[in-house]
Amino acid sequence: MDLGEFQIPGNSDPNQKTSHLSLDIGGSLIKLVYFSTNDGDDDDELGRSGKGSVGVSNGNRSFPVLKGRLHFSKFETRKINDCLDFIQTKRLHIGGCQLLGALPIEKTIIKATGGGAYKYADLFKEKLGICLDKEDEMDCLVAGANFLLKAVHQEAFTYLDGKKEFVQIDHNDLYPYLLVNIGSGVSMIKVEGDGKFERVSGTNVGGGTFWGLGRLLTKCKSFDELLELSHQGNNRVIDMLVGDIYGGTDYSKVGLSSTTIASSFGKAISDKKELQDYRPEDIARSLLRMISNNIGQIAYLNALRFGLKRIFFGGFFIRGHAYTMDTIAVAVHFWSKGEAKAMFLRHEGFLGALGAFMSYEKHGLDDLMVHHLTQKFPMSSLVGDKICSPLNGELNDNESIECSVYAS
Ligand SMILES: Nc1ncnc2c1ncn2[C@@H]1O[C@H](COP(=O)(O)OP(=O)(O)OP(=O)(O)O)[C@@H](O)[C@H]1O
Ligand SMILES: CC(C)(CO)[C@@H](O)C(=O)NCCC(=O)O
């Protein structure tokens with residue numbers, strides 16, 4: 001990762017103070033969220049002091065409010081050393097103590113979730129002297145999703161027929177919903193309230209499957225290359241369609257059109273072709289479609305199981321990619337006969353890391369509560385079937401959003 005791309009350069013800006021680093025260390029990616037304030041800022045309309053804080057009263061208590069930015073970043077888990085270097089260079093691990101004066105450096109505790117919080121605990125201790133304070137992955141996913149849906153304007157959107165529409169979330173009518181997190185593997189969680197949820201299903205055919213199989217079959221060197229390739233491909237070259245089986249006609253009696261995929265990769269049975277005879281872009285497209293469609297279908301079946309009408313999809317597999325979202329949305333629409341709705345999240349890949357961030361409050365390390373987020377970047381536009389900046393693949397990288405937090 002090019003550190004120079006970072007929107008607000010960490011502690012290379014002497015006025016900037018960072019704090020509350022939180023990590024989600026998954027099977028494929030490590031996600032980081034942290035908060036920064038700018039010491040040198042002038043007072044603003046709230047009468048904020050030079051320290052970037054202002055007191056507000058909340059019931060019986062008075063909280064100082066810190067205004068600043070939430071930063072998002074990610075690294076591949078296989079390159080965990082890059083992540084450790086990043087944290088060290090920017091001194092993210094000690095910023096919390098400096099900013100809020102809570103703990104001595106030797107007791108630095110960082111909230112972390114995901115399997116890697118267990119797997120890499122010793123590495124973080126050894127290399128950075130950090131103690132990872134483990135938070136449950138599902139708790140964090142749900143806390144992150146609930147927070148985004150309530151606090152961030154234009155977070156959720158539908159995507160159908162190449163059209164993106166933001167969904168106005170009514171805070172009083174958010175639950176219940178199905179949260180489908182597509183990471184390396186897929187978790188499906190029925191969410192009924194804050195901290196009230198059940199992981200009702202999952203599938204091992206997820207983002208890791210797409211990237212792993214795709215890498216083997218296409219020789220792509222990066223996930224983004226594979227995704228880009230899929231954009232240019234034609235899955236019909238390799239998928240067996242209903243029409244291929246039915247001599248070009250629909251199987252209308254059961255509602256299957258001739259263009260429906262009857263069997264993903266099915267044409268490879270009878271084509272007298274070897275792997276190298278297929279174009280990598282067609283393979284990538286077929287793979288993406290197979291996995292997205294399968295997840296959409298399983299998600300719908302679980303929504304049906306519990307009578308849930310709304311399904312929110314998160315996880316870094318999606319990457320704001322038009323074809324992925326379209327395939328998932330079509331699967332949900334098709335199987336539910338239009339009854340259920342697939343919705344996507346702008347901060348799709350950061351649910352767990354945000355949940356870990358929110359948990360600083362829960363455990364009283366510092367009484368921290370984000371109460372307002374404002375996005376300063378322009379909203380995306382669509383060109384053809386590709387979503388352009390900033391809702392393209394890199395939206396979630398190195399982004400920061402304005403926010404204010406209560407802290408005591
Ligand atoms: N730059 C990237 N490198 C690798 N995978 C990527 C990248 N961008 C998106 N992905 C996709 O996102 C998936 C990982 O998503 P995510 O970070 O949400 O899950 P995870 O936390 O790593 O996995 P799990 O929760 O199952 O442990 C990958 O398996 C891949 O499909
Ligand atoms: C194992 C986890 C929870 C790790 O994030 C995830 O990869 C997952 O949900 N996998 C799918 C496991 C299953 O339910 O089949």
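Bear in mind the structure is a predicted one, so any value in this text is a computation, not a measurement. For ligands, and for the atoms within them, numbers begin at 1 and follow the listed sequence. Just the heavy atoms: all of them, side chains too, but no hydrogens, waters or symmetry mates, feed the values below. Residues take their numbers from the sequence shown, with the count starting at 1.
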Hey, does G185 come in under 3.5 Å of ligand 1, counting only N/O atoms on both sides?
yes
Take atom CD in Q276; do more than 12 heavy atoms of anything else shown fall under 6.0 Å from it?
yes
Sub-3.5 Å donor-acceptor pair from the side chain of N181 to the main-chain atoms of S187, do we have one?
no
Any salt bridge linking R236 with D239? Criterion: basic side-chain nitrogen under 4.0 Å from a carboxylate oxygen.
no
Where ligand 2 meets N204 - atom numbers and elements under 4.0 angstrom, heavy-atom basis:
15 (O)
What I want to find out is whether E281 reaches R279 closely enough, with some N-O distance under 4.0 Å, to be called a salt bridge.
yes
Going by the atom numbers of ligand 1, which of them fall below 4.0 Å from some non-hydrogen atom of E76?
3 (N)
Can you tell me the protein heavy atom closest to atom 10 (N) of ligand 2 and the distance?
G185 CA, 3.6 Å
Test: E348 and R346 ion pair at under 4.0 Å
no
Do F86 and D82 have side chains that approach each other closer than 4.5 Å (heavy atoms only, starting at C-beta)?
no
Starting from atom 25 (O) of ligand 1, which protein heavy atom do you reach first, and at what distance in Å?
E137 OE2, 3.6 Å
Taking the side chain as every heavy atom from C-beta outward, state whether F316 and K31 have any pair of such atoms under 4.5 Å apart.
yes
Would you say E165 has more than 12 foreign heavy atoms packed within less than 6.0 Å of its CD?
no
Non-hydrogen atom of F317 closer than 4.0 Å to ligand 1:
yes
Salt-bridge contact K272-D277 (side-chain N to carboxylate O under 4.0 Å):
no
Do me a favour and list the nearest non-hydrogen protein atom to atom 17 (O) of ligand 1 with residue, atom name and distance?
K31 NZ, 2.7 Å
Under 4.0 angstrom from atom 1 (C) of ligand 2, is there any protein heavy atom?
no
Gap between atom CZ of F344 and atom CZ of F312 - 0.5 Å precision
11.0 Å
May I ask you to check whether N181 has an N/O atom sitting below 3.5 Å from an N/O atom of ligand 1?
no
So which bit of N181 gets within less than 4.0 Å of ligand 2, heavy atoms only: side chain, backbone, both or neither?
neither
Would you mind listing which atoms of ligand 2 come within a distance below 4.0 Å of any non-hydrogen atom of M138?
3 (C)
Check this for me: K119, atom NZ, are more than 12 non-hydrogen atoms of other residues, nucleotides or ligands nearer than 6.0 Å?
no
Among all protein non-hydrogen atoms, which one is nearest to atom 31 (O) of ligand 1, and what is the separation to 0.1 Å?
G207 O, 2.8 Å
What do you reckon, is NZ of K134 surrounded by more than 12 foreign heavy atoms closer than 6.0 Å?
yes
Check each atom of ligand 2 against the heavy atoms of V186 and keep those under 4.0 Å away; list them by number with element.
8 (C), 9 (O), 10 (N), 11 (C)
I298 backbone acceptor or donor facing N302 side chain under 3.5 Å
yes
Ligand 2 contact on S187 by region, counting heavy-atom pairs under 4.0 Å
both
Could you tell me whether S28 and ligand 1 have an N or O pair separated by under 3.5 Å?
yes
Measuring from atom 18 (O) of ligand 1, which candidate in F75, F223, F316 has the nearest non-hydrogen atom?
F316
Identity and separation of the nearest protein heavy atom to atom 5 (O) of ligand 2:
E137 OE2, 2.4 Å
If you measure every N/O of D24 against every N/O of ligand 1, is any gap under 3.5 Å?
no
Nearest-contact summary for atom 19 (O) of ligand 1 - protein heavy atom, Å:
G183 CA, 3.0 Å
Measure the distance from atom 27 (O) of ligand 1 to every protein heavy atom, then report the residue, atom name and distance (to 0.1 Å) of the closest one.
G27 N, 2.8 Å
Identity and distance of the protein heavy atom lying nearest atom 8 (N) of ligand 1:
R319 NH1, 2.6 Å
Subset of ligand 2 atoms that lie under 4.0 Å from at least one heavy atom of T203
11 (C), 13 (C), 14 (O), 15 (O)
Counting from 1, what ligand 2 atoms have a heavy atom of R199 closer than 4.0 Å?
8 (C), 9 (O), 11 (C), 12 (C), 13 (C), 14 (O)
Which residue pairs pass the side-chain hydrogen bond (donor to acceptor under 3.5 Å, both in side chains) test when at least one of the two sits in residues 208-218, sequence neighbours left out?
none
Check each heavy atom of W211 against ligand 1 and say whether those closer than 4.0 Å belong to the side chain, the backbone, both or neither.
side chain
Does D24 come within less than 4.0 Å of K111, counting only side-chain N to carboxylate O?
no
Could you list which atoms of ligand 1 come closer than 4.0 Å to a heavy atom of G315?
18 (O)
If you take the nearest heavy atom of each of G26, G208, S184, which one is closest to atom 23 (O) of ligand 1?
S184
